[in-house]
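Letters go in sequence order (proteins before strands), and every chain restarts at 1.
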There are 2 protein chains.
Amino acid sequence: MDEQTRDRDRLTDGLGDGAARHRPRDARETRARILRAAGAVFAERGFEAATVRDIAARAGVNQALIFRYFGSKKALLTEVMTEGGREQVSNTPPDRLFEAALRGVLAEGGDADTDRLLAVYLRSIGSADAAPETVRELGEEYAAALAALSSADDGELRAQLAMAWLLGIGLMRVVVGQEPLASAAPDDVVGHVLDALERLLPARDVSSGKMKPIDAGPR
Amino acid sequence: MDEQTRDRDRLTDGLGDGAARHRPRDARETRARILRAAGAVFAERGFEAATVRDIAARAGVNQALIFRYFGSKKALLTEVMTEGGREQVSNTPPDRLFEAALRGVLAEGGDADTDRLLAVYLRSIGSADAAPETVRELGEEYAAALAALSSADDGELRAQLAMAWLLGIGLMRVVVGQEPLASAAPDDVVGHVLDALERLLPARDVSSGKMKPIDAGPR
DNA sequence: CCCTTGTGTAAGCACACGCTTACAACGCTA
DNA sequence: TAGCGTTGTAAGCGTGTGCTTACACAAGGG
C-alpha cells in the first residue's frame with residue numbers, strides 16, 4: 001500500500017518523466033502492468049498463496065481494476081500462462097527445445113519471462129483446480145514437440161518422461177532449493193541429463209550436436 | 001458433518017462391535033485416526049486446500065481435538081510426513097531404493113502409505129512455507145542413500161538428478177495426470193528410466209540386475 | 001458424594017480472502 | 001461549457017479459514 005501510493009503519486013504529479021514513463025489512464029499500459037505483476041507474484045508465491053491485493057499493490061493499481069480487466073484471479077492466471085507460454089514452443093526449433101527449456105530452468109534468478117512462466121507452473125501445480133486445462137495443454141504442446149524427435153512407437157511416452165525430468169529438476173531447484181542441485185553449474189546438469197537422455201530419445205540427438213548449439217542460455 | 005455424526009453415533013451406541021472397533025475416550029486411537037485422516041486429505045487435496053474441518057470430519061472427530069493433539073495444521077503435516085516417512089528409506093536396501101520408490105510412484109491408486117506420503121509431498125510442495133525443513137530433510141535422506149551408490153565424485157548431484165526425475169514423474173502422474181504417462185504400464189516406465197539412468201549412476205547398476213529383483217511392485 | 005483429571009463437543013472469534021458496489025476523476029466530442 | 005463513456009478509487013460484503021473458548025461427560029480417589 002505504501003509503495004502503491006508512492007507510485008501513484010509519482011504518476012499523477014506532473015514531473016517531467018523520462019523515456020518509458022506511462023501516461024495515467026492508459027488502459028493498455030495498466031493491463032500490461034497487472035500482467036507483469038501477476039506473473040511475478042504467481043512465480044514467487046504460487047497461485048493460492050498469491051493474493052489479488054498483493055498483485056494490485058505490486059502493479060501500483062487498485063485491486064478492483066484486476067477484476068474489471070480479467071474477471072477473476074483464476075482467469076488472470078490463465079492469461080499469464082497463455083500469454084508468454086506458447087511463444088517459446090513455437091519459436092524454438094524442436095531439436096533445441098529440450099535443451100533450451102532445461103537451460104531456462106537452470107538459469108533461474110534472471111527475470112526472464114520463460115523462467116517466470118515455469119516457476120508459475122511449478123508453484124501452481126499443487127493446487128488441484130488452479131488452471132488444470134491450461135497447465136495441461138501447455139505441457140502437451142511441449143511434449144508433442146519433443147515426441148516428434150523420436151521415431152520410437154512410444155515416442156510420446158518417452159517425450160513425457162523427458163518432460164517429467166525437466167519438471168522435476170525445476171522443482172528441486174526453484175521450489176525445494178535442495179543442494180547441491182540448487183546451485184550446480186548449468187553445464188554440468190545439462191551434460192548429465194543430455195547424456196542420459198540419449199538412451200531415451202535415440203532416433204536423433206536430443207540436441208543437435210551435444211550442447212554446442214546453445215552456448216549462453218536461452219536469453 | 002453428516003458422516004461425522006453418524007460415525008460418532010455408531011461408537012457411542014453400545015452395539016456389539018467386531019474386532020477392530022475402538023473404545024470411546026481412547027486418546028491413542030483418536031490420535032491415530034486423526035493422523036490417518038490427515039494423511040488421506042493432504043494427499044488428495046494438498047496442504048493448503050485441505051481444511052482442518054475436512055480432516056476432522058474424515059476422522060469422525062471434533063476439529064478442536066486436532067489442535068489439542070497437534071497444536072496447528074502445519075504441525076499436523078510435519079507429523080504426518082515424519083511418521084511414515086523414514087521407514088521406507090531405512091527399510092529398503094539402497095541398491096533397490098530407487099526402483100522401489102519409482103514403483104511406489106507408479107503404483108498410485110493403492111492406499112499404500114508410501115504412495116500417500118509422496119502424494120502429500122508433491123501436492124504440498126507448491127505452497128512455499130508449508131513444511132520446508134521437513135520436506136527437504138526427507139528428500140536429503142533419499143538422495144544420500146542414492147548417492148552412496150555412485151562412485152563418481154559428483155555422486156550427490158547425480159543422485160539428486162535421479163531424485164528429480166522421480167519427483168517429476170510423480171508430478172506428471174499424480175498431480176497433472178498427463179497422458180499417456182498417467183496410465184502407462186509401470187514396467188515400461190521403469191524400463192525406460194532405469195535404462196537411461198545407467199549413464200547417470202554408472203558405478204553399479206541402479207537396480208541389482210535390471211529390474212528383475214522386484215517383480216510385482218512395492219506392495 | 002464431590003472434586004479433579006482426561007477426553008470430547010458446540011459455538012464462535014478474528015482475520016484474510018475473492019469479489020462487488022457506489023462513486024470520483026479524467027478526457028473526449030459537441 | 002455540458003454531457004458522456006472510460007478509467008480509477010474507497011469501502012465493504014460474504015464467506016471460509018485456522019484456531020480458541022467455555023462447557024459436558026466419563027472415570028477414579030478422597
Side-chain angles (χ1 to χ4, degrees), chain A residues 1-14 22-34 37-38 41-42 45-57 59-79 124 127 129-131, chain B residues 1-14 22-34 37-38 41-42 45-57 59-79 124 127 129-131:
Chain A
M1 186 111 173
D2 211 357
E3 193 177 346
Q4 173 180 354
T5 316
R6 202 184 342 112
D7 256 344
R8 222 71 284 279
D9 287 345
R10 233 198 312 141
L11 304 176
T12 45
D13 287 351
H22 67 278
R23 308 175 298 275
R25 298 199 148 255
D26 183 338
R28 259 219 282 264
E29 241 294 298
T30 305
R31 225 187 109 99
R33 286 179 63 136
I34 294 175
V41 176
F42 282 148
R45 307 234 233 284
F47 177 73
E48 305 235 17
T51 76
V52 176
R53 284 169 172 86
D54 281 345
I55 296 171
V61 147
N62 188 287
Q63 74 159 318
L65 278 192
I66 291 183
F67 294 97
R68 163 141 45 222
Y69 282 119
F70 300 97
S72 76
K73 186 190 175 188
K74 202 159 147 182
L76 216 203
L77 175 65
T78 45
E79 199 85 359
S124 304
S127 48
D129 49 282
Chain B
M1 185 107 171
D2 211 358
E3 193 179 346
Q4 172 180 356
T5 316
R6 204 185 338 112
D7 256 344
R8 221 74 278 284
D9 288 345
R10 231 192 319 138
L11 305 175
T12 45
D13 287 351
H22 68 277
R23 308 174 298 276
R25 298 194 153 259
D26 183 338
R28 258 219 283 263
E29 241 294 296
T30 305
R31 224 186 109 99
R33 285 178 63 135
I34 294 174
V41 176
F42 282 149
R45 306 234 234 284
F47 176 73
E48 305 234 20
T51 75
V52 177
R53 284 168 174 86
D54 281 345
I55 296 171
V61 146
N62 188 289
Q63 72 158 323
L65 279 191
I66 292 183
F67 294 97
R68 165 144 40 226
Y69 282 119
F70 299 96
S72 76
K73 186 191 175 188
K74 203 160 146 181
L76 217 202
L77 175 66
T78 46
E79 200 85 358
S124 304
S127 47
D129 49 282

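- Across R33(B) and G60(B), no two heavy atoms sit closer than the pair NH2-CA, 3.9 Å.
- Note: CG (L77(B)) to C1' (dC19(D)) measures 17 Å, nearest angstrom.
- The side chain to side chain donor-acceptor pair (under 3.5 Å) search around S72(B) returns none, not counting sequence neighbours.
- Taking the screw axis at each terminus of the helix from dT7(C)-dA24(D) to dA30(C)-dT1(D) from five consecutive base pairs, the angle between the two is 20° to within rounding of 10 degrees.
- Across all strands, Y69(A) comes closer than 4.0 Å only to sugar-phosphate atoms, never to a base (heavy-atom distances).
- Put simply, CZ on R68(B) is 8 Å from C1' on dG6(C), counting in whole angstrom units.
- Note: CZ (F70(B)) to C1' (dG8(C)) measures 15 Å, nearest angstrom.
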Which letters describe nucleotides 25-30 of chain C, given B = protein heavy atom under 4.0 Å from base, S = only from sugar-phosphate, - = neither? BB----

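- What separates CZ of R33(A) from P of dT7(D) is a distance of 16 Å, to the nearest Å.
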Tabulate protein N/O versus nucleotide N/O from nucleotides 18-21 of chain C, keeping only pairs under 3.5 Å, one per line.
unit_1	atom_1	unit_2	atom_2	d
dG18(C)	OP1	A50(A)	O	3.4
dG18(C)	OP1	K73(A)	NZ	2.8
dG18(C)	OP2	V52(A)	N	3.0
dG18(C)	N7	R53(A)	NH1	2.9
dG18(C)	O6	R53(A)	NH2	3.0
dC19(C)	OP2	K73(A)	N	2.7
dC19(C)	N4	Q63(A)	OE1	3.2
dC19(C)	N4	Q63(A)	NE2	2.7

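- Look at CD on E29(B): it is 17 Å from C1' on dG6(C), rounded to the nearest Å.
- Within the model, atoms CZ of F70(B) and OG1 of T78(B) stand 9.5 Å from one another, a figure rounded to the nearest 0.5 Å.
- Whole-Å rounding puts the I34(B) CD1 to dT9(C) C1' distance at 13 Å.
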Step by step, would you call L76(A) with V52(A) a side-chain contact (heavy atoms from CB on, under 4.5 Å)? CA-CA 10 Å; L76(A) 216 203; V52(A) 176; over 6 Å; no

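- Here the straight-line distance linking atom CD of E29(B) with atom CD1 of I34(B) works out to 10.5 Å at 0.5 Å rounding.
- Of the possible donor and acceptor atoms, one in the side chain of K73(B) sits under 3.5 Å from a partner among the backbone N and O of F47(B).
- The line from CZ of R31(B) to CG of D26(B) is 12.5 Å long, rounded to the nearest 0.5 Å.
- For the side chain to side chain contact (heavy atoms under 4.5 Å, CB included) test, residues two or more places apart in sequence or in another chain that qualify with A50(A) are V41(A), F42(A), R45(A).
- For the pair I55(A) CD1 and dC17(C) P, the interatomic distance rounds to 11 Å; values are reported in whole Å.
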